[in-house]
Amino acid sequence: MPELPEVETIVRSLRPHILGRKVSEIKVLLPKIIHTEGLGSTEDLIGQTITNIFRWGKNIVLEFSPNWYVRIHLKMTGQLLVSLPEEPIPKHTHVIFSLDGGKIEVRYRDIRQFGYIHIMTAGEWKKWRDGNFVGPDPLEISLPSFLARLAGKRGKIKSVLLNQAFLRGLGNIYVDEILHQAKIHPESSADHLSTEEATTLYQKMQQVLQAAIWHQGSSVSDYVDSSGKQGEYQYYHQVYGRANLPCRQCGTRIERIRVSGRSTCFCPKCQRRR
DNA sequence: AAAGATGTTGCAAC
DNA sequence: GGTTGCAACATCTT
């Protein structure tokens with residue numbers, strides 16, 4: 001679920017509640033959620049202060065002064081929820097961080113249990129960050145860099161955009177929305193796009209992501225921010241989740257196909273195959 | 001009621 | 001490099 005706009009919204013909603021607070025206790029209800037590199041455990045975080053929180057692609061990164069980092073990936077159904085300790089613990093809650101002596105809690109909840117919380121040293125974090133697994137941020141990359149990265153890319157444009165090593169943060173919803181805005185067929189070869197098409201793609205990518213952040217993400221099933229609030233960008237979707245409905249641009253029936261194993265919605269008229 | 005689908009990603013196999 | 005299929009798991013839809 002959570003793609004760049006949702007993760008950004010979660011980080012922004014979490015920040016004022018946790019920044020500068022000290023971890024007093026961590027309850028691990030489902031141990032497999034916690035990942036480490038062998039060194040490090042939840043014990044190492046006790047008594048440490050959260051000095052920073054930021055988004056890295058679809059990852060949420062917490063910085064603890066100054067030795068430890070925690071990287072959280074929500075995968076499909078993960079949630080981070082700010083709660084008071086007396087609030088009932090919802091089903092599928094797997095890890096509970098108590099802050100400031102138990103005045104407030106941050107709870108990790110994940111229905112499908114695909115997500116994880118990775119505890120890393122500063123060195124491990126930097127090694128991961130600078131590895132080749134994650135590309136530039138779609139909102140930070142310049143147009144020339146984007147065009148340069150796209151040049152020589154083989155494969156379908158949808159697969160390229162979903163690849164986190166190409167750009168970090170795009171997922172199934174926003175790739176479909178961006179390609180519709182850019183009027184590009186999801187199965188177009190990346191290396192067949194003209195400079196003009198690639199430029200439009202870049203512009204629409206930034207516009208769609210900015211608009212989605214503005215509307216606090218898309219709640220299509222489980223997504224909520226850290227206060228439990230749903231997003232509203234789903235009301236602006238042009239293609240995602242609209243198979244067999246008329247295109248909002250031209251009225252043509254939206255089609256659903258499978259592209260590199262992912263369900264893909266597009267308008268056959270707005271997004272002509274070339 | 002069983003089968004298929006669901007926003008992610010890492011891996012194996014080709 | 002590129003692709004496909006599958007795995008992790010719970011829940012909802014067909």
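We name chains A, B, ... by the order of the sequence lines, and we start the count at 1 in each one.
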Item to check | Listed once per pair and sorted, the side chain to side chain donor-acceptor pair (under 3.5 Å) pairs that draw on residues 245-258 of chain A, sequence neighbours left out | outcome: A:N244-A:R253
Checklist outcome for this item: By side-chain contact (heavy atoms from CB on, under 4.5 Å), A:D137 pairs with (sequence neighbours left out) A:L4, A:R55, A:L139, A:E140, A:R168
Next on the checklist: Can you check the distance between B:dT6 and C:dT3, where both ends of the measurement are the C1' atom (answer in whole Å)?
Outcome noted: 22 Å
Item to check | Test item: A:D176 side-chain N/O and A:C265 main-chain N/O as donor-acceptor pair under 3.5 Å | outcome: yes
Tabulate protein N/O versus nucleotide N/O from nucleotides 9-14 of chain C, keeping only pairs under 3.5 Å, one per line.
from: C:dC9; atom 1: O4'; to: A:R112; atom 2: O; distance (Å): 3.2
from: C:dC9; atom 1: O2; to: A:R112; atom 2: NE; distance (Å): 2.7
from: C:dC9; atom 1: N3; to: A:R112; atom 2: NH2; distance (Å): 3.2
from: C:dA10; atom 1: O4'; to: A:I111; atom 2: O; distance (Å): 3.4
from: C:dT11; atom 1: OP1; to: A:H92; atom 2: NE2; distance (Å): 2.7

Next on the checklist: Taking only the P atom of each, what is the distance from B:dT8 to C:dG1 in whole angstrom?
Outcome noted: 24 Å
Checklist entry - Hey, does the side chain of A:H73 come within less than 4.0 Å of B:dT9's phosphate (OP1/OP2), counting only N and O? => result yes
Checklist entry - To which residues is A:W214 joined in a hydrophobic cluster, defined by side-chain heavy-atom contacts under 4.5 Å among Ile, Leu, Val, Met, Phe, Trp and Tyr, whether direct or through other members? => result none
Item to check | Nearest-angstrom distance from the residue atom CG of A:D110 to C1' of B:dT9 | outcome: 14 Å
Checklist entry - Hey, mind stepping through A:F266 and A:H180 against ring pair (Phe, Tyr, Trp, His ring centres under 6.0 Å) and telling me if it holds? => result CA-CA 6 Å; A:F266 73 105; A:H180 180 259; 9.6 Å; no
Checklist outcome for this item: Of A:H185, A:K158, A:K156, the one forming a side chain to side chain donor-acceptor pair (under 3.5 Å) with A:T264 is A:K158
Next on the checklist: Can you tell me if A:K75 touches the phosphate of C:dA8, counting only side-chain N or O atoms and a distance under 4.0 Å to OP1 or OP2?
Outcome noted: no
Item to check | Side-chain ion pair, A:E197 and A:R274, N-O less than 4.0 Å | outcome: yes
Next on the checklist: Taking the cut-offs as 6.0 angstrom to the six-membered ring centre and 45 degrees off its axis, would you call A:R71 and A:W56 a cation-pi pair?
Outcome noted: no
Item to check | Atom of A:G40, atom of A:W68 and distance for their closest heavy-atom approach | outcome: CA-CH2, 3.6 Å
Checklist outcome for this item: side-chain contact (heavy atoms from CB on, under 4.5 Å) filter on A:E124, not counting sequence neighbours, yields A:E37, A:M120, A:T121
Next on the checklist: Whole angstroms only, please: what is the OH-P distance between A:Y223 and B:dT8?
Outcome noted: 14 Å
Item to check | Nucleotide-level pairing of DNA chain B, given in dot-bracket where Watson-Crick and G-U pairs need both distances under 3.5 Å and | marks other strands | outcome: .|||||.|||||||
Next on the checklist: A:S13: which residues meet the side-chain contact (heavy atoms from CB on, under 4.5 Å) condition with it, sequence neighbours left out?
Outcome noted: A:D225, A:S226
Item to check | Selection: residues 256-263 of chain A, any non-hydrogen atom under 4.0 Å of DNA chain B | outcome: A:R256, A:R258, A:R262, A:S263
Item to check | Below 4.0 Å: OP1/OP2 of C:dG2 and any side-chain N or O of A:K156 | outcome: no
Checklist entry - How close or far is atom C1' of C:dT3 from atom CD1 of A:I157, stated in whole angstroms? => result 16 Å
Checklist entry - Between A:I60 (CD1) and B:dT8 (P), how many Å, whole number? => result 14 Å
Checklist entry - For residues 7-54 of chain A, which residue pairs qualify under ring pair (Phe, Tyr, Trp, His ring centres under 6.0 Å), counting only residues two or more places apart or in two chains? => result A:H35-A:Y116, A:F54-A:W125
Checklist entry - Does A:L81 reach the side chain of A:V224, with side-chain heavy atoms less than 4.5 Å apart? => result yes
Item to check | Pairing of A:R273 and A:E187 as salt bridge, 4.0 angstrom limit | outcome: yes
Checklist entry - Taking the C1' atom of each, how far is C:dG5 from B:dG4, in whole Å? => result 16 Å
Next on the checklist: Do A:Y174 and A:E6 make a side-chain contact, defined as non-hydrogen atoms from C-beta onward lying under 4.5 Å apart?
Outcome noted: yes
Item to check | P spacing across the pair B:dA1 / C:dA8, given as an integer number of angstrom | outcome: 25 Å
Checklist outcome for this item: Taking every heavy atom of A:C267 against every heavy atom of A:V239, the minimum-distance pair comes out as N-CG1, 4.2 Å
Item to check | Proximity to DNA chain B (any heavy atom under 4.0 Å), residues of residues 160-172 of chain A only | outcome: A:Q164, A:G171, A:N172
Item to check | Residues forming a salt bridge (Lys or Arg N to Asp or Glu O under 4.0 Å) with A:R272, sequence neighbours excluded | outcome: none
Checklist entry - Tell me: OH of A:Y116 to P of B:dT9, nearest whole Å? => result 8 Å
So which protein N/O to nucleotides 11-14 of chain B N/O distances come out below 3.5 Å?
none

